[in-house]
Every structure is written in C-alpha cells, then in structure tokens.
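See below for the structure under consideration.
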Amino acid sequence: MRTAVVVGAGMSGLAAAGALSRSGWQVVVLERAERVAAANTAVVLWPNGQRALESLDPDGGWSAVWSPLPDGGVRRPDGQWLVAPRVRAGTGPAPAGVHLEDLYDALIAGLGDGVEIRTGFEVTTVVCGGQRPAVGDGRTVIEADLVVGADGIDSRVRAAVAPEAVAAGAGLAAWQAVIPAFRVPELPGFAGGETLGSGYRFVAIPLGPSARGGVYWVATAAGAPRPESPATQLALLRRWFKGWHEPIGALLAATRPEELIPQGVRELRPLPRAYGFRSGPGGVVLIGDAAHAMPHHLGQGACLAFEDAATLRALMAGLASGDDPGVAAEEYSRLRRPRTTTVIRQNRRMSAVVQARGRLALRARDAALNHMRPRLLGRTLDPVADWSPPD
C-alpha cells in the first residue's frame with residue numbers, strides 16, 4: 001500500500017488526506033496544534049470549489065453544508081449602487097457561504113479508517129532530494145511515498161523545496177467575524193453584498209439554514225495590522241464605518257470582541273517555481289496556501305485549495321503498480337501552476353480596485369467595476385470559477 005504524509009490539518013490537508021485514503025493510500029496527517037479545530041469564521045465556495053469538493057467525496061452530503069448566495073451587488077458607503085444586484089442566469093450552482101466549523105466537520109467525517117492524525121507534531125525537518133521523502137520533528141522521522149505540504153503560508157515544506165517563495169505583506173489588514181443566528185439583528189430583505197469606500201471594504205454574507213447559520217462579515221482597510229486588543233479594534237471598526245449604509249452598523253454593533261478575528265493580509269512573492277518535486281522513488285507537493293497564498297479579494301483561496309486536492313487525487317489514484325509518485329507530483333505542478341497564476345493575476349487586478357484611494361482613483365474604480373469579473377457575489381460562469389476536476 002502506498003503511503004502519504006500530509007503536513008497540516010487545515011482545509012486543504014484534510015481534503016487531500018481523505019481523498020488519498022479513499023484512493024487506497026495509507027495517510028498520516030501531522031498537525032502542530034494540540035487539536036484539529038476550525039476558527040469561528042466562514043468561507044465562500046464558488047462553483048469551482050464546490051465541484052472540487054464533490055469530486056473529492058461524492059457521498060459527502062455537501063448540499064447540507066453550504067447555502068447558495070444571492071447576488072448582493074456592490075455599493076458605495078452611502079448606499080448608492082456601484083453594481084446593482086442581478087438575478088443569476090443559467091442553471092449552474094451559485095456561490096455558497098459555508099461556516100468553517102461545518103466544513104471541517106464534513107471533511108473530518110470523510111477521512112475514513114485509512115487516515116491517522118497526529119497532533120502536537122511540529123515539522124522541523126523535510127528530506128527531499130535523492131532519497132525517499134520524509135519529515136521529522138527532531139524526535140521522530142516519518143518516510144512516505146508522498147509528502148503533501150498543506151501547512152499554510154509559513155510552510156516548512158515549501159521552505160525546504162521552494163525557498164524562493166516568501167510571505168510578504170499585501171498592504172492591508174482584515175477583520176472577520178460570524179454573528180450567530182440567534183443574535184443576528186432584524187435585517188429585512190438582507191441579501192448580503194459588498195461596499196467599497198476609499199481604502200475600506202465591507203462584505204456581508206448570510207450563511208442561511210446551515211447547521212450554525214448566522215451572518216459572516218469581512219472588513220478590510222489599507223495599512224498594517226493593528227496591535228490593539230480585539231475590543232479596541234472592534235471599537236475602531238465601528239468608528240471607521242460609522243455613517244455607512246445599513247446593515248453595516250447593525251452588524252458591527254451585534255459583534256462581540258471575542259468573535260472578532262483580526263489578521264494581517266499576506267501573499268507569496270514570488271510563487272514557488274513549482275508545486276511538485278521528485279524525491280528518490282517518491283514525491284513532494286504543495287497545496288493550498290503553502291503553494292499560492294493570496295489576499296481574499298476574489299474569495300478563491302479555499303476553492304483553489306480544493307482544486308489542488310482534487311487534481312492530486314486524480315493523479316495519485318491513477319498510479320499503477322510500479323509507477324513513480326514523483327512523476328505524478330511533477331504532473332500535478334504542470335497542471336496547477338498555470339491555473340493559480342491566472343487567478344492570482346485576476347486577484348491583483350481586484351486588489352487595485354479594492355484599495356483605491358483619492359478622488360481620481362475612486363472614479364476610475366467605479367467605472368471599472370461594471371466591467372471587471374469575477375466579483376465576490378456576481379456571475380457564476382466567470383473564467384476563474386469555470387473549472388472542472390480532471391478525469
């Protein structure tokens with residue numbers, strides 16, 4: 001039986017581990033934290049991310065996990081439409097809001113008996129080159145046919161195989177929170193949407209009738225991460241967004257400091273030269289943020305991570321006896337790197353829109369919005385979301 005070590009028990013790591021296990025691999029997942037747990041936040045899954053998850057686990061019951069989103073449009077802070085909501089055309093899936101805890105529950109439920117999770121295991125060494133790939137924590141070394149680096153933007157695996165790619169600040173800070181359903185204020189006709197100001201952005205997404213429900217919101221502002229306590233930062237957000245159209249004020253008022261998740265937004269510059277590497281009779285691959293971390297302007301981070309896992313599953317499940325997993329790892333890189341490069345290019349274009357400041361820049365932004373695609377809550381047939389899993 002072929003063996004794999006997945007470094008990191010986040011979304012991409014759990015998805016890859018479950019998919020490899022269902023393909024007949026014996027998998028060990030290494031997580032440096034003492035337990036596998038999701039943050040109290042949410043993600044948006046575009047149709048490409050939904051297709052990827054459904055291909056990874058066709059019996060995953062995903063329709064009970066995510067809630068389709070209407071098009072909420074884009075507004076100015078005074079409520080004037082920059083891009084009015086539109087009825088979604090076609091019969092394809094709509095973007096969906098998913099509470100991260102619901103998503104983790106589904107991914108963990110799909111792991112199966114062929115996956116072992118070891119928590120409290122911090123990878124400090126990665127062996128890759130002329131011998132079988134392996135990872136270790138200074139006490140234990142684990143070899144495998146395949147090592148999957150799913151350990152995020154500060155990936156130890158990436159540092160060993162692609163040290164040229166480093167995390168850098170993206171020039172903005174972000175805050176997010178989920179307001180539980182029982183505490184969501186009365187919001188007649190609320191369909192979510194995004195609002196763009198001068199260097200500021202606020203996105204609100206209803207999570208619908210999922211297991212936890214509620215409303216997920218994300219705010220961004222140009223500049224560095226704030227050092228203050230969550231309570232002080234929440235007070236700052238209420239002051240910065242005071243006077244913006246409702247329900248922004250109501251959502252911020254309903255948020256509690258312990259629900260606020262501040263973060264500095266970072267990205268990889270440059271991207272790794274490759275996402276897959278041969279190592280003796282095996283291979284090493286990078287997936288998710290370890291491979292292509294980017295700001296969340298397009299809401300594609302989780303979607304690309306699941307695309308990675310679906311592509312990896314298709315390649316590794318198709319290996320015949322005696323085939324070299326390292327060759328499949330290189331093919332994975334050939335398939336994935338052009339795709340993620342294209343999405344990142346689109347994301348940088350959107351970054352210029354989101355971070356526009358000054359009268360002339362704002363006028364140019366407003367004129368461009370009607371032509372730029374994809375948007376966070378817009379059409380579902382955009383090139384970024386028009387991806388299907390490999391056979």
Could you pull out the closest heavy-atom pair between V184 and L187, with the gap in Å? CG1-CD1, 4.0 Å
May I ask you to decide if D105's main-chain N or O and E101's side chain share a donor-acceptor pair within less than 3.5 Å? no
Between V157 and L312, is there a shared hydrophobic cluster once you connect ILVMFWY residues whose side-chain heavy atoms come closer than 4.5 Å? no
Hey, are the side chains of L286 and P272 touching, using non-hydrogen atoms and a 4.5 Å cut-off? yes
Side-chain polar contacts of residues 169-182 - donor-acceptor pairs under 3.5 angstrom, sequence neighbours left out - could you list them?
{"residue": "W175", "atom": "NE1", "partner": "Q233", "partner atom": "OE1", "Å": "2.6"}
{"residue": "Q176", "atom": "OE1", "partner": "T41", "partner atom": "OG1", "Å": "2.6"}
{"residue": "Q176", "atom": "OE1", "partner": "Y216", "partner atom": "OH", "Å": "2.8"}
{"residue": "Q176", "atom": "NE2", "partner": "Q263", "partner atom": "OE1", "Å": "2.6"}

Is the backbone of V65 close enough, under 3.5 Å, to the side chain of D102 for a donor and an acceptor to pair up by distance? no
Where do P257 and P230 come nearest, in terms of heavy atoms and distance? O-CB, 3.6 Å
NZ/NE/NH1/NH2 to OD/OE distance under 4.0 Å, D78 and R76: no
Looking at R51 and E307, is there a salt bridge between them, counting it only when a charged N and a carboxylate O are closer than 4.0 Å? no
I'd like to check the ring pair (Phe, Tyr, Trp, His ring centres under 6.0 Å) partners of F277; sequence neighbours left out, ordered by chain and number. none
Under 3.5 Å, is there a donor-acceptor pair between the side chain of Q50 and the main chain of A94? yes
Of all heavy-atom pairs linking A17 and L111, the shortest is CB-CD2, 4.1 Å
Side chain to side chain donor-acceptor pair (under 3.5 Å) contacts touching residues 19-40 (sequence neighbours left out): N40-H99
Kindly compute the distance separating OG (S333) from CZ (R273), expressed to the nearest 0.5 Å. 9.5 Å
Between E331 and R334, does a salt bridge (charged side-chain N to carboxylate O under 4.0 Å, His left out) hold up when you go through it step by step? CA-CA 5 Å; E331 177 66 6; R334 187 189 70 79; 2.6 Å; yes
Can you say whether the rings of Y200 and W240 are parallel (under 30°), tilted (30 to 60°) or perpendicular (over 60°)? tilted
Between Y275 and T340, does any side-chain donor sit less than 3.5 Å from a side-chain acceptor? yes
Please give me the minimum heavy-atom distance between D324 and L319, naming the atom from each residue. O-CD2, 4.4 Å
Test side-chain contact (heavy atoms from CB on, under 4.5 Å) on V28 and R118; report intermediate values, then the result. CA-CA 7 Å; V28 176; R118 299 187 191 180; 3.9 Å; yes
Heavy-atom check, side chain of L271 versus side chain of E164, under 4.5 Å: no
If you group Ile, Leu, Val, Met, Phe, Trp and Tyr by side-chain heavy-atom gaps below 4.5 Å, do V343 and L45 land in one group? yes
Holding to salt bridge (Lys or Arg N to Asp or Glu O under 4.0 Å), I want the full list of residues that pass it with D151, two or more places apart in sequence or in another chain. none
Indicate the atoms forming the closest heavy-atom contact of A167 with D154, along with that distance. CB-OD1, 4.2 Å
Return the CZ to CD1 distance between R269 and I344, rounded to the nearest 0.5 Å. 11.0 Å
Where do E267 and N347 land on the side chain to side chain donor-acceptor pair (under 3.5 Å) test, with the steps shown first? CA-CA 11 Å; E267 60 187 338; N347 199 65; 5.7 Å; no
Is it possible for you to say whether M11 and V7 belong to one hydrophobic cluster, with membership spreading through side-chain heavy-atom contacts below 4.5 Å? no
Can you pull the side chain to side chain donor-acceptor pair (under 3.5 Å) pairs that have at least one residue in residues 284-294, sequence neighbours excluded? H292-D308
With under 30° as parallel and over 60° as perpendicular, where do the rings of W244 and F241 fit, or are they tilted in between? perpendicular
By side-chain hydrogen bond (donor to acceptor under 3.5 Å, both in side chains) - contacts of T232 (at least two apart): S229
To check you understand the geometry: which heavy-atom pair defines the closest contact between V5 and E143, and what is its length? CG2-O, 4.4 Å
Between atom CG of L146 and atom CG of L20, what is the distance when rounded to the nearest 0.5 Å? 6.5 Å
Got V135 and V141 here, is their nearest side-chain heavy-atom distance under 4.5 Å? no
Can you find a pair of side-chain heavy atoms, one from F190 and one from V215, that are under 4.5 Å apart? yes
Side-chain contact test, heavy atoms from C-beta onward, threshold under 4.5 Å: evaluate it for S12 versus F306 and give yes or no. no
Taking R75 for its side chain and T195 for its backbone only, find out whether a donor-acceptor pair lies under 3.5 Å. no
Run the side-chain contact (heavy atoms from CB on, under 4.5 Å) check on R256 and L234 step by step: do they pass? CA-CA 8 Å; R256 295 177 178 173; L234 182 56; 5.8 Å; no
Going through the checks in order, is the side-chain contact (heavy atoms from CB on, under 4.5 Å) test met by D137 and V123? CA-CA 5 Å; D137 66 348; V123 170; over 6 Å; no
Would you give the length of the straight line joining atom CG of L56 to atom CG of L53, rounded to the nearest 0.5 angstrom? 6.0 Å
CG of L304 to CG of N48, rounded to nearest 0.5 Å, is 7.0 Å
Checking side-chain polar atoms at under 3.5 Å, does T124 have a donor or acceptor matched by the opposite partner on R139? no
State, yes or no, whether a side-chain contact exists between I117 and V36 at a heavy-atom distance under 4.5 Å. yes
Where the side chain of E330 meets the backbone of V327, is there a donor-acceptor pair that is under 3.5 Å apart? no
From CD (E122) to CG (L30), nearest 0.5 Å: 11.5 Å
Side-chain donor/acceptor of S67 to backbone N/O of A96, under 3.5 Å: no
Does the side-chain contact (heavy atoms from CB on, under 4.5 Å) test come out yes or no for F121 and I142, once each step is laid out? CA-CA 11 Å; F121 193 110; I142 305 175; 4.1 Å; yes
With a 4.5 Å cut-off on side-chain heavy-atom distances among I, L, V, M, F, W and Y, is there a chain of contacts connecting V43 to I261? no
Does a side-chain heavy-atom distance below 4.5 Å link E194 with V218? no
Are V147 and V285 grouped together when hydrophobic residues (ILVMFWY) are joined by side-chain heavy atoms under 4.5 angstrom apart? no
R239 versus L252: any side-chain heavy-atom pair under 4.5 Å? no
